[in-house]
Structure formats: structure tokens, C-alpha cells
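None of the values given here were measured: they were computed from a predicted structure.
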Amino acid sequence: MATTATAPERKVSAAEAREVAEAAREQEWVAPSFVRDLFLGKFRLDLIHPYPEQDPEEVRRAQPFLDKLERLLREQVDSDRIDREGEIPEAVIQGLRDLGAFGIKIPREYGGLGLSQLSYMKAIELVSSIDGSVTALLSAHQSIGVPQPLKLFGSDAQKKKYLPRLAKGAISAFALTEPGVGSDPAAMETTAVPTADGQAWVLNGEKLWCTNGTKAELLVVIARTPSKVVNGKEKRQITAFIVETAWPGVKVEHRCHFMGLKAIYNGVIRFSDVRVPNENVLWEVGKGLKLGLITLNTGRLTLPISSVAAGKRCLEISRQWASERVQWGRAIGKHDAIAQKIGAMAANTFAMEAVAELCGAMADRGGYDIRLEAAIAKLYNSEGGWRIIDDTVQIRGGRGYETADSLRARGEKPVPVERIMRDFRINLIFEGSSEIMHLFIAREAVDKHLQVAGDVVMPGKSVGERVRGLARAALFYGWWYPSRWLGWGFWPKYAGFGPLARHLRYVERAARRLARGVFHAMMRFGPKLEYRQAVLFRLVDVGAELLGRGEVSRALAQRRHADVSAGPGSAAKRASVARAWDGRATRPLDLR
């Protein structure tokens, strides 16, 4: 076998790796971001409130497909068999093709269903409630596989050539990871060099853990192309290519097998002198890594909604078992320890669903930069889902640890908690591990501060750059801190001077007391005032530093209570809140 046994010797320094990652970032924040503004001390409630509703026309178009998908899953998918045999039956894959499930977001003019991101997520939620391997097949194809980057960055000729094939069910994959390259793409060993005539590229290298790779017809392959010299320094170039697996030189070396997702079609792919025509460069030479990161802004949203499905399924299992299992004279759900677990599971599942669907709605609506929102949704939901599954195993006890086949063999209901746990564990690693998500979120969160003061703290800066950075930082923070304290640029030219520090503390303390008093008075009487929204936004904009996290959450909770209990239109508001809360976290998908 030709797979690499050990990682190749590292050829890049930490500084070079950081430089490559920085070059691939989206440098500008053109559209607003709720989370970014939070890190800047601005609570932009208007960006997420009222909670966005899905377009009724989109719901009407999507529902027939979702109904057919649910029927297919219920009638044809045997997850225990898939887990046992490690294969998704071809009849199931063909059934998904016939439904158009491989082209959910592909525009109708190219033969796809042309549905929205949120409709796609609802479809993935249905699939995830039944089988993780089928979820991996569909999501790797259209969340990070060829369709999504092709829609975002492909030329008209590329779209006309490939999108109809993809919509009909030509399976695709995304090839980035290598034996020595995970989250550090600067160390990439796969190369693509131009041919002598300049008409094509010659691709060589090996990709590891390529989901769908053993079944794919089309791949997005990320490779290192010849470096450029900019200002006397080498600048590494990483480029994306559309590669057909039928081309000479493309070979599946090995199908990988894992703890869970037994039927995932994941493998090692080798490229040996593969000729890739120029017209198959996706976007531009040198923009491959940036393409991958932008694609993941929406591609990551598959995992949050899959976590919601797991949460609902586990909540259903736990509630049923808690009412059936009797210990110490009563159902275990009536014992406080189990009741507390189930209550937390329901609350967290509701929160996970709200986070996932909000991000999907923001992606559909457009006009937002959701890179931080998507990363936080992936991190929060994958870790929250894992805790829910762990609690479900604990509630089921020995039966949670026992396989479904073993339970069935001895006459008990084959509840697949053990399989759910095995299948779900990869979600804390897929598409950016939790640790990488922490780094990504932190880097994007402090972007503004690095723009202002980066020259002061970053290594490798000259004395002159540091001095200019200090001056720039003094000007910015001289305005920024008082504006966060008081809600406007208060005495910016004096901020930071020692003699005024004590006086500013007195002013800040007085402002805090005043703001709290006005804020809570508004929460009590505001529903009867026409200007309550404007006042709310203005006071919240003082920032969490002024009011304190507890004050913000309590005040918002009071506002929610007041809004549905008093003032004009209160009946409609009560009905709206009732619809939002009515069993959304306590009515899991039940396709069995």
C-alpha cells in the first residue's frame, strides 16, 4: 500500500504558517456581524430581533421534498444494518438521487431543487435523526464538496459543465487534509505545477480522510502552486482545482474505517501526474485556502443542525425511559437527579436549534458576515450535543452502553444510544476541531484590536512600527473605553491620563446606577411606550461592561415577560411566544 505512514518532515516555521493563515483570512468586514459587535462592546439586538421567519413561499416549495425525504428515510433506511455492514445500500443512494437530495441548494436552472440554506438544514436534520453515515454522504457533497464553492466562485462555463451532473447525483468531495497537514495548510505537500505549454497543471500528492472520496466522481482538491516573490519575500500560493476521479492518475489507495459512522465513504486519495486543464482552476490561482474558509462559513452549519437532531432524538429516548423505568418506588424521571438532566437537555436543545436556525436564516437573508456566528454555532452545538448524548447514556445506564443488536437479541427495544454516541463524537473534530474553533473565534473577535494595536504586540515589528502602533492605539482606546462606559465619546482626549482616572471611575459608577435605574424602569413601563425599542437599543449599546452581564440578561428577561403580559398587542405577542416555545425542544423527530 502506498499511503504515507508518517508525516513528512516539517518545512515551514511558525511565522510562515501564521503568514499563510493570515493571507487566507477575509480581511474586511463589509457586512455587519452581531457577534463581532459584541466583542466591540456593542449589543446590536436589531441584527437578530425579531427572530427571522422563513419565507412562506420557500416553505411551500420545500415541504413536498421534505415529506418525500422523510418517507424514504422511514421506509428504506435501516441504520443498525448500515452500522453493522458498513455500507449504505445502493437503493438508498439512488432513492436520494431520485428525490434530488444531492442538489438541494443547486439553482433550478442547473437542474437542482434551488432551495434555501435553511431548507437544506431542515433536510439534514431529518437525515441526522436517522443515520449519521447518510448525513455525511449528503453534507460532505454539498456543504463542502464541489456544489457550494462552485456556486460561490465558479465561472459560468464551470457551472454549466458541472452543476447539472452534481444535481443528478454525481457525488463530490473536498480534498484538503494530508498526513502532515490538518489545520496548518502552510505545510501542504500536494503540488500543482503548470505544464510547459501553460495550458494545464500537473497534480501530485496524497490526501487523507477525504469524506466521500471513495465514491466521488468530482473533487475540489487544494494544492500548493508555485510561490510568488513579493517585496523580496516568498509568498506561498495555495490553489483549488476541480478534479474528476475518472482522470488518469487519480487513485483511491485506502478506505478508512472509524469508531463511528461505519458507512462513511472516507479514504486516502493519491494523485500521480494528474493533468488538470486551466479551466478547472476554481476561482483564482493563489486563492484556494481563502475559498475553503469562505465555503465553510455556511458549510459549517450542517454540524449545528445535526447536533440539534441528535439532541431531539436523545431527549425523546431519555423522556420515554425516565417515565418507564421505576426505581425506589417511582419512575426515575421523578427523581431530582434525572429530572435535572432532562430539563437541561430540553433547554439546551432549544438553544441549539435557535442558534442553528438563526445562522441559516441570516445566510439566506444576506447582508450579514456570519463567519463568527457559524463558528460559534459549530462549537456550541457540537459540544452541547455531546453533553446531551453523554447524559442520555447515563440515564439509560447499562442499556445505554449496550448495542442495539444486543438489546434486540435479548428481547428489549433496540434503542441505539451507543451508536449515536459513536457516530456523534467526530463532530467535535469535523470541519474545525473545538480547539481550532476557539482559535478562529478569538482571532476574528480581536481583529479590530489587532488592526489598531497589532504592531505593538506582534513579533517581528521594528521600533518605529511599535511607536506608531502605540500612538494609534492611544488615540483609539482613548475614545473607545469611555464610549463603552458611557455610550458616547466622553472626554476622549483626557482618557488614560492618571490624574483623571479616579474622577472617571466616579462618573462611570454614577452612569451605571443611572442607566440601571432607567433601564429597569423602561422594562417595567416600556411596553406602553411607543419609543421603548429605541430606548432599549440605546441603553443596551452602553455595553456589557457598563451594565454587567447579569443586568443585561435580567433586563432582557423582564422585557420579554412584560412584552407578553401588558401593552398594545399583548395577545398577539403571547400567541407568538407560545408558538415559539410550544414543544420545539420537547417534540423530537420520530421517524421510527
task: Please tell me if the side chains of Glu206 and Glu189 come closer than 4.5 Å, counting only heavy atoms from C-beta onward.
output: no
- prompt: With a 4.0 Å cut-off, would you call Arg371 and Glu444 a salt bridge?
  reply: yes
Any donor-acceptor pair under 3.5 Å from Ser79 side chain to Ile130 backbone: yes
- request: Please confirm whether the backbone N or O of Phe43 pairs with a side-chain atom of Asp37, one donor and one acceptor, at under 3.5 Å?
  value: no
- request: Please test Leu166 against Leu150 for side-chain contact (heavy atoms from CB on, under 4.5 Å), starting from the C-alpha separation and ending with a verdict.
  value: CA-CA 11 Å; Leu166 294 160; Leu150 186 56; 4.1 Å; yes
field: Donor-acceptor pair, side chain of Asp364 and main chain of Gln117, under 3.5 angstrom
entry: yes
- prompt: Near Lys448 NZ, under 6.0 Å, is it more than 12 heavy atoms from other residues, nucleotides or ligands?
  reply: no
- prompt: Does Ser172 use its side chain to pair, donor to acceptor, with the backbone of His141 at less than 3.5 Å?
  reply: yes
Distance-only side-chain donor-acceptor flag, Ser307 / Tyr380, under 3.5 Å: no
Sub-4.5 Å side-chain heavy-atom contact between Ile395 and Trp321: yes
- prompt: Does a donor on one side chain sit under 3.5 Å from an acceptor on the other, for Gln63 and Asp67?
  reply: yes
- prompt: Without hydrogens or angle criteria, can the side chains of Gln54 and Ser119 be said to hold a donor-acceptor pair below 3.5 Å?
  reply: yes
message: Does atom CD (Gln394) have a neighbourhood of more than 12 heavy atoms from anything else shown, all under 6.0 Å?
response: no
- prompt: SG of Cys210 to CG of Asn266: how many Å apart, nearest 0.5 Å?
  reply: 7.0 Å
- request: Indicate yes or no: at least one non-hydrogen side-chain atom of Trp283 is less than 4.5 angstrom from one of Lys290.
  value: yes
query: Do the side chain of Tyr368 and the main chain of Leu47 share a donor and acceptor less than 3.5 angstrom apart?
result: yes
query: Roughly how far, to the nearest 0.5 Å, is CD of Glu418 from CZ of Arg422?
result: 4.0 Å
task: Any chance you could lay out the side-chain contact (heavy atoms from CB on, under 4.5 Å) test for Ile82 and Val92, step after step, and finish with the verdict?
output: CA-CA 11 Å; Ile82 289 173; Val92 172; 5.7 Å; no
message: Tell me whether Lys312 is salt-bridged to Glu316, with the criterion being a basic N under 4.0 Å from an acidic carboxylate O.
response: no
field: Pairing of Glu402 and Arg396 as salt bridge, 4.0 angstrom limit
entry: no
- prompt: Are any of the side-chain heavy atoms of Thr190 and Ile222 separated by less than 4.5 Å?
  reply: no
statement: Rounded to the nearest 0.5 Å, the CD1 atom of Ile376 sits from the CG atom of Asn381 at a distance of 11.0 Å
task: Enter the distance from Glu353:CD to Asn348:CG here, rounded to the nearest 0.5 Å.
output: 13.0 Å
Side chains of Ser318 and Lys341 in contact at under 4.5 Å (non-hydrogen atoms): no
- request: Inspect the contact between Glu87 and Arg255 and indicate whether a charged nitrogen and a carboxylate oxygen are less than 4.0 angstrom apart.
  value: yes
- prompt: Is there a donor-acceptor pair under 3.5 Å between the side chain of Tyr120 and the backbone N or O of Leu115?
  reply: no
message: Between Glu58 and Ser116 (side chain of the first, backbone of the second, donor and acceptor by atom type, cut-off under 3.5 Å), is there such a pair?
response: yes
message: With no hydrogens and no angle check, just 3.5 Å: does a side-chain donor-acceptor pair link Thr135 and Ser306?
response: no
- request: Kindly indicate, with the supporting measurements, whether the criterion side-chain contact (heavy atoms from CB on, under 4.5 Å) is fulfilled by Thr392 and Met345.
  value: CA-CA 9 Å; Thr392 303; Met345 290 164 67; 3.3 Å; yes
query: Any luck finding a side-chain donor-acceptor pair between Ser382 and Asn427 under 3.5 Å?
result: no
query: Are any of the side-chain nitrogens in Arg419 or Asp83 under 4.0 Å away from the carboxylate oxygens of its partner?
result: no
message: For Ala354 versus Tyr51, what's the shortest heavy-atom pair and its separation?
response: O-OH, 2.9 Å
- request: Could you grab the distance from atom OG of Ser33 to atom CD of Glu373, nearest 0.5 Å is fine?
  value: 3.5 Å
Gln148 versus Lys105, side-chain donor and acceptor atoms under 3.5 Å: yes
- request: Establish, yes or no, whether the cationic atom of Arg313 lies under 6.0 Å from the six-membered ring centre of Phe424 and within 45° of the ring axis.
  value: no
field: Pairwise distance OG1(Thr298) to CE(Met362) - rounded to 0.5 angstrom
entry: 13.5 Å
message: Regarding Thr403 and Ser406, do their side chains bring together a donor and an acceptor under 3.5 Å, going by distance alone?
response: no
- prompt: Would you find more than 12 non-hydrogen atoms of other residues, nucleotides or ligands less than 6.0 Å from Glu28 atom CD?
  reply: no
query: With side chains defined as the heavy atoms from C-beta onward, is the minimum distance between Thr295 and Phe174 less than 4.5 Å?
result: no
- prompt: Does any N or O in the side chain of Lys378 come within less than 3.5 Å of the main-chain N or O of Gly432, such that one atom is a donor and the other an acceptor?
  reply: yes
field: Side chain to side chain, Ile171 and Phe102, heavy atoms closer than 4.5 Å
entry: yes
task: Taking Gln142 for its side chain and Ala101 for its backbone only, find out whether a donor-acceptor pair lies under 3.5 Å.
output: yes
- prompt: Is any side-chain heavy atom of Tyr265 closer than 4.5 Å to a side-chain heavy atom of Ile88?
  reply: yes
Flag, side chain of Asn212 to backbone of Leu137, donor-acceptor distance under 3.5 Å: yes
statement: Residues Ser434 and Glu383: closest non-hydrogen pair is OG-OE2, 2.9 Å
- request: Would you please name every residue forming a side-chain contact (heavy atoms from CB on, under 4.5 Å) with Gln327, sequence neighbours left out?
  value: Arg325, Ile332
query: Using 4.0 Å as the upper bound for N to carboxylate O, is an ion pair formed by Asp405 and Arg408?
result: yes
